[in-house]
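Accompanying notes for the structure given below.
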Amino acid sequence: MRITTFLTAVVLASCASGSTLAQSTQELIAEAVRPLPEDLRANATVYRYDSTSGDRIVLRQGSNHVECRPKDEEGFTRCSPTANASRSDMSAKLRAQGMSDEDVSATLETAEARGLVNPRIFGSLSYRLFDEPDRIQLLWIISVPNATPEQLGMPTGSQRDNSLAGHGTPWMMNPGTPGAHLMIPINGTELSNKPQ
């Protein structure tokens with residue numbers, strides 16, 4: 001009980017720092033699972049990272065294969081497979097040290113080659129939510145490491161503008177690289193960009 005009370009106090013204190021208003025743990029959990037399909041929400045793990053150390057703070061331990069973070073400083077709410085936890089944790093620690101995005105990516109690639117973090121799993125699905133219409137609001141991302149458009153029959157032309165207008169279709173980014181992935185804008189939900 002003391003540990004739970006302590007963790008709750010730590011989470012609420014970290015939420016109150018900077019420009020983020022304090023939210024209850026239950027509010028943070030509800031916010032974090034919004035990008036997920038309904039059937040995954042109740043049993044997803046919810047966590048956040050300490051901004052100074054990059055340490056993981058678990059808000060709710062789940063029992064399924066998905067974990068989520070409440071909205072970050074850039075305004076994104078993200079969920080991903082628990083199999084990606086070691087990669088996410090290392091990334092958070094590197095960012096807390098002040099590393100650039102490029103340096104973080106290079107370090108993760110080296111760590112993966114050395115077996116220190118799990119490789120991206122082909123076909124793994126991540127979920128992203130943004131609340132403002134100047135970005136793709138509800139986006140699902142399928143990791144396809146090293147795949148090419150020819151192998152998967154995928155287009156590579158950006159669908160960003162169509163997605164902002166509520167009519168986006170899937171496209172591939174970073175083809176032929178370890179970071180290759182499919183961008184799948186989700187249209188027609190209350191969380192999606194509105195049709196224009």
Side-chain angles (χ1 to χ4, degrees), residues 7 10-11 14-15 20 28-29 31-37 40-41 43-130 135-136 138-149 151-152 154 156 170-186:
L7 284 176
V10 168
V11 168
S14 69
C15 290
T20 305
L28 289 170
I29 290 169
E31 174 186 275
V33 300
R34 287 173 65 217
L36 292 176
L40 294 178
R41 292 180 181 181
N43 296 314
T45 295
V46 178
Y47 70 100
R48 66 182 319 147
Y49 290 113
D50 179 278
S51 59
T52 305
S53 66
D55 290 336
R56 179 183 282 237
I57 301 168
V58 176
L59 305 178
R60 179 182 77 186
Q61 184 60 53
S63 59
N64 67 15
H65 53 279
V66 183
E67 58 184 21
C68 300
R69 287 180 278 167
K71 189 183 301 184
D72 62 23
E73 63 282 348
E74 296 176 334
F76 292 106
T77 305
R78 302 173 194 269
C79 300
S80 59
T82 55
N84 289 343
S86 62
R87 176 179 291 277
S88 296
D89 290 350
M90 178 176 275
S91 177
K93 288 188 178 294
L94 296 173
R95 291 180 196 288
Q97 295 169 16
M99 273 196 184
S100 69
D101 289 346
E102 291 171 356
D103 289 341
V104 168
S105 293
T107 302
L108 286 172
E109 200 171 306
T110 300
E112 182 180 320
R114 293 181 179 169
L116 301 175
V117 297
N118 292 334
R120 288 186 174 93
I121 298 170
F122 195 98
S124 62
L125 181 58
S126 297
Y127 310 83
R128 192 188 82 186
L129 179 67
F130 193 78
R135 301 259 184 136
I136 300 173
L138 186 56
L139 181 69
W140 293 1
I141 303 161
I142 298 179
S143 185
V144 290
N146 303 308
T148 66
Q151 290 171 319
L152 300 183
M154 292 299 301
T156 56
W171 81 99
M172 179 183 273
M173 292 185 67
N174 304 328
T177 72
H181 58 278
L182 307 179
M183 303 279 277
I184 305 175
I186 306 301

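Keep in mind that this is a model prediction, so the values were computed, not measured.
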Where the side chain of Arg87 meets the backbone of Pro119, is there a donor-acceptor pair that is under 3.5 Å apart?
no
So Val33 and Arg60, side-chain contact (heavy atoms from CB on, under 4.5 Å) or not? Walk me through it.
CA-CA 11 Å; Val33 300; Arg60 179 182 77 186; 3.9 Å; yes
Calculate, to the nearest 0.5 Å, the distance between atoms CG and CE belonging to Leu182 and Met154 respectively.
4.5 Å
Before accepting this row, confirm whether a basic side-chain N of the pair Arg56/Asp50 lies closer than 4.0 Å to the acidic partner's carboxylate O.
no
No-hydrogen, no-angle side-chain donor-acceptor test under 3.5 Å, Arg95 and Ser91:
yes
For Asn146 and Pro178, the nearest pair of non-hydrogen atoms, with its separation, is OD1-N, 3.2 Å
Go through Ile141 and Met173 one step at a time and tell me if the side-chain contact (heavy atoms from CB on, under 4.5 Å) criterion holds.
CA-CA 10 Å; Ile141 303 161; Met173 292 185 67; over 6 Å; no
Distance from Trp140 atom CH2 to Leu36 atom CG, nearest 0.5 Å?
8.5 Å
Closest non-hydrogen atom pair between Trp171 and Thr156, with its separation:
CD1-O, 3.8 Å
Quick one: closest heavy-atom pair of Pro175 and Pro149, and the distance?
CB-CD, 3.5 Å
Which of these, Leu40, Val66, Ile186, Leu129, sits in a side chain to side chain contact (heavy atoms under 4.5 Å, CB included) with Pro35?
Leu129
With heavy-atom distances below 4.5 Å as the criterion, would you say the side chains of Leu138 and Pro185 are in contact?
no
Drop me the distance from Asp89's CG to Leu94's CG, to the nearest 0.5 angstrom.
11.0 Å
Could you give me the CA-CA distance, side-chain angles and deciding distance for Met183 and Leu139, then say whether side-chain contact (heavy atoms from CB on, under 4.5 Å) is met?
CA-CA 7 Å; Met183 303 279 277; Leu139 181 69; 3.5 Å; yes
Pair Glu112-Arg120, salt bridge (Lys or Arg N to Asp or Glu O under 4.0 Å): steps then yes or no:
CA-CA 9 Å; Glu112 182 180 320; Arg120 288 186 174 93; 5.0 Å; no
Heavy-atom closest contact (Tyr49 atom, Gly54 atom, distance)
CD2-O, 3.3 Å
Taking atom CD of Glu109 and atom OG of Ser105, what is their separation to the nearest 0.5 Å?
8.0 Å
If I take atom CZ from residue Phe122 and atom CD1 from residue Ile142, how far apart are they, to the nearest 0.5 angstrom?
9.0 Å
Parallel, tilted or perpendicular: which one describes the rings of Phe130 and Phe76, with boundaries at 30° and 60°?
tilted
Shortest non-hydrogen contact between Asn84 and Ser124, atoms and distance:
ND2-OG, 4.5 Å
So SG of Cys68 and CG of Leu28: to nearest 0.5 Å the spacing works out to 12.5 Å
Keeping Glu67 on the side-chain end and Tyr47 on the backbone end, is there a donor-acceptor pair under 3.5 Å?
no
Quick one, Met172 with Leu152, criterion side-chain contact (heavy atoms from CB on, under 4.5 Å). Give me CA distance, side-chain angles, the key distance, then yes/no.
CA-CA 9 Å; Met172 179 183 273; Leu152 300 183; 3.7 Å; yes
Return the minimal non-hydrogen interatomic distance between Ala32 and Thr77, and the atom names on each side.
O-CG2, 3.4 Å
